[in-house]
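Predicted model only: the values in this text are computed from it and were never measured. Protein chains get the first letters and strands the later ones, always in sequence-line order, with residue 1 at the start of each.
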Amino acid sequence: MGVENPLGENIITTSLDALVNWSRKSSIWPMTFGLACCAIEMMATGASHNDLDRFGIIFRASPRQSDCIIIAGTVTKKMLPVIKTVYEQMPEPKWVIAMGACACSGGIFDTYSVVQGIDEALPVDVYIPGCPPRPEALLFGLMKLQDKIMKDKNSFGSAIGLGERIASAA
Amino acid sequence: MATTETMTLNMGPQHPSTHGVLRLVLELDGEVITKITPHIGYLHRGVEKLSEHRTYHQILPLTDRLDYLAPMSNNLGYILAVEKLMAVEVPERAETIRVIMTELTRLESHLVWIACHALDIGAMTVFIYAFREREAIMETYELISGARMTSNFFRVGGLSQDVPDEFVRKVSDFIDSMPGYLDQYEGLLTTNPIWLKRTIGNGVISAEDAIDFGITGPALRGSGVDWDLRRDNSYSGYEKYQFKVPVGENCDTFDRYKVRLIEMREACKIVRQGLDRLKPGPVLADNPQVCYPPKENVYNSIEGLIHHFKIASEGFPAPEGEVYQGVEAPKGELGFYIVSDGGNKPQRLRIRPPSFVNLQAIEKMAKGAMIADLVAVIGTLDIVLGEIDR
Ligand code: SF4
């Protein structure tokens, strides 16, 4: 580190990318977007017992204010265009979590009306298995997403319009 | 000359207070609603079709996911229908545990209802409180079945396994503390002027209209109709329990709120009676044609293994015919109608979901109201899209 003792304990040095990544990972604002049973466990994760607020995770009702979308439940063919629209309305940078067997792969519903995994339409960052995943599993998935965000390159540059953000491969 | 036009507004399917993926197309005159058209099907998963390709045992996990706030009530409705078709007798202990669990499920469903309903109207604290209690019920689920929500615990002829020893103590502790929690909710809501303003006189539907629409459950009782399947068309031994069926007077959102709260208190009493009745005994009927063999036999004898394998892979043939079984689920009458052609799978399984029927009344209840009141009406109907779209 370049700056040493004269400044005492009051200064930390870091890279701008790490700073931007750290602020992003500490305030993930997911979209409240419940589709089916998994959404109830998502609510339970946000409620008193598990308390997502301590991670800086606060659910927002508008895609314009969110940077993460948790696909919690069964995606049907009728619903897919809506999800795509919501996803497109979210500002960059944005992340997608597929919560539960249905969102990951269609789950037990191998039928004419169910999309067999949201990754057919959106770029998924974290897959959480389970039917439904326990709140602990969702917490773990969110922590994995935080790890992933910390590995992003050029976060600062892309934020001020210089080049692209380079996402890590998890 | 000045002309006025109505405005069309789309609400949903990703609106936070439409309880999932309900979409309503509203026609508005200023802020007053003149027409509501519900669009459903955003969660259509083809459960009924899927059931035609599953054996009777294999359909059970699908029913968990219909009304995912009350998995055990769905299980019970389906299982009772199959048991009626197969004429299976259920041991007493299994029946009692079923009653205890479905009443806990009623509590759970109503807890999520009060949480969301209050949250939609703007009372955040109730949400935090109600999910705290829900967590205790989820732990009971986990204790007996291993899963928090999708329990899949009942079986044709009884239960998948007996409950562990801590079960009685855990449920008993919870039931003892629940009335105190209910008092807390009442303290936050029943005398809260904002809550009263938002609910009294909102979403009125008369008893005749409610009957004409086919509404069931607390929404019907809130309109003053004294009808509860647990008492009036008893099943699973409910006739042995003493409980009151609350009814409302003013047919509005506040009365439905009161009805549900009293129902929760009554559910606690039923669970207490169930715990008192609980006697040791078998939890699965001795009916080798239909039921799975006990696990010791499966692991220790070749006959048991073959028996298990046969039931798991082929199921059992059901006699030709049709049955209907309705149960009083937390949201209303949940019915399962099975048509059998003599095979090991139903030829047709039709589900009568309470939310689907109750939702029809939304226009009647919210026409002429403001948009903000519509949110209260959606909350009071307590719909869940999993069973509406199936
Ligand atoms: S993964 Fe399971 S719990 Fe989640 S939405 Fe699908 S069926 Fe429901």
Side-chain angles (χ1 to χ4, degrees), chain A residues 31-53 59-63 66 69 71-87 89 100-102 106-115 130-138, chain B residues 10 12-21 23 39-51 53-54 58 61-62 64-69 71 108-109 111-112 115-116 119 124-125 127-136 138-139 142 147-150 152 384-387 389-390:
Chain A
M31 170 77 204
T32 40
F33 197 24
L35 293 167
C37 349
C38 281
I40 308 297
E41 283 298 67
M42 182 171 80
M43 279 160 72
T45 319
S48 32
H49 195 81
N50 294 288
D51 189 15
L52 278 179
D53 291 11
F59 285 103
R60 305 302 299 175
S62 160
S66 329
I69 183 167
I71 309 288
T74 319
V75 183
T76 60
K77 290 186 179 149
K78 190 169 177 178
M79 197 65 194
L80 191 60
V82 182
I83 295 181
K84 278 193 198 154
T85 314
V86 170
Y87 178 74
Q89 285 173 343
C102 284
I108 58 172
F109 299 105
D110 189 3
T111 54
Y112 53 88
S113 58
V114 175
V115 177
C131 186
R134 305 173 54 88
E136 290 89 333
L138 178 57
Chain B
N10 182 50
Q14 42 73 267
H15 192 280
S17 52
T18 53
H19 292 212
V21 288
R23 175 174 169 219
H39 287 240
I40 59 171
Y42 287 95
L43 191 51
H44 176 66
R45 309 193 266 203
V47 169
E48 288 178 5
K49 187 72 196 162
L50 215 48
S51 309
H53 303 276
R54 299 266 189 281
Q58 288 169 343
L62 296 175
D64 278 331
R65 290 151 179 89
L66 288 171
D67 173 359
Y68 34 77
L69 298 175
E108 191 237 321
S109 171
L111 280 171
V112 177
C116 298
L119 188 66
M124 177 87 189
T125 318
F127 172 81
I128 302 287
Y129 281 15
F131 266 79
R132 177 189 61 190
E133 275 74 84
R134 178 180 181 271
E135 208 61 32
M138 291 296 95
E139 275 165 21
E142 199 181 337
R148 274 169 56 92
M149 265 175 74
T150 44
N152 191 18
V384 55
L385 271 292
E387 68 176 8
D389 295 336
R390 303 191 291 291

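- Looking only at heavy-atom pairs under 4.5 Å with chain A, the residue among B/Arg65, B/Arg134, B/Met138, B/Lys49 that has the most is B/Arg65.
- With a 4.5 Å cut-off on non-hydrogen atoms, B/Arg132 touches chain A through its backbone and its side chain both.
- Both the backbone and the side chain of A/Met43 come within less than 4.5 Å of a heavy atom of chain B.
- Contacts between A/Phe109 and chain B at a heavy-atom distance below 4.5 Å involve backbone atoms as well as side-chain atoms.
- For the pair A/Lys77 and A/Val114, the minimum side-chain heavy-atom distance is 4.5 Å or more.
- If you tally non-hydrogen atom pairs under 4.5 Å between each of A/Ala47, A/Ala36, A/Gly130, A/Gly34 and chain B, the highest count goes to A/Ala36.
- Proximity to chain A is limited to the side chain of B/Val47, based on heavy atoms less than 4.5 angstrom apart.
- For chain B, no part of A/Ala39 is nearby; none of its heavy atoms comes within less than 4.5 Å.
- Across all non-hydrogen atoms, the minimal contact from B/Met149 to B/Tyr68 is CE-O, 3.5 Å.
- Of the two parts of A/Ser113, the backbone and the side chain both hold a non-hydrogen atom closer than 4.5 Å to a non-hydrogen atom of chain B.
- Side-chain contact between A/Pro132 and A/Ile40 is absent, with no heavy atoms from C-beta onward closer than 4.5 Å.
- Note that CZ of B/Arg390 is 13.5 Å distant from CG of B/Leu50, once rounded to the nearest 0.5 Å.
- Atom OH of residue A/Tyr112 and atom OG1 of residue A/Thr76 lie 11.0 Å apart, to the nearest 0.5 angstrom.
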A/Met79/B/Leu43 under side-chain contact (heavy atoms from CB on, under 4.5 Å): CA gap, chis, key distance, verdict: CA-CA 7 Å; A/Met79 197 65 194; B/Leu43 191 51; over 6 Å; no
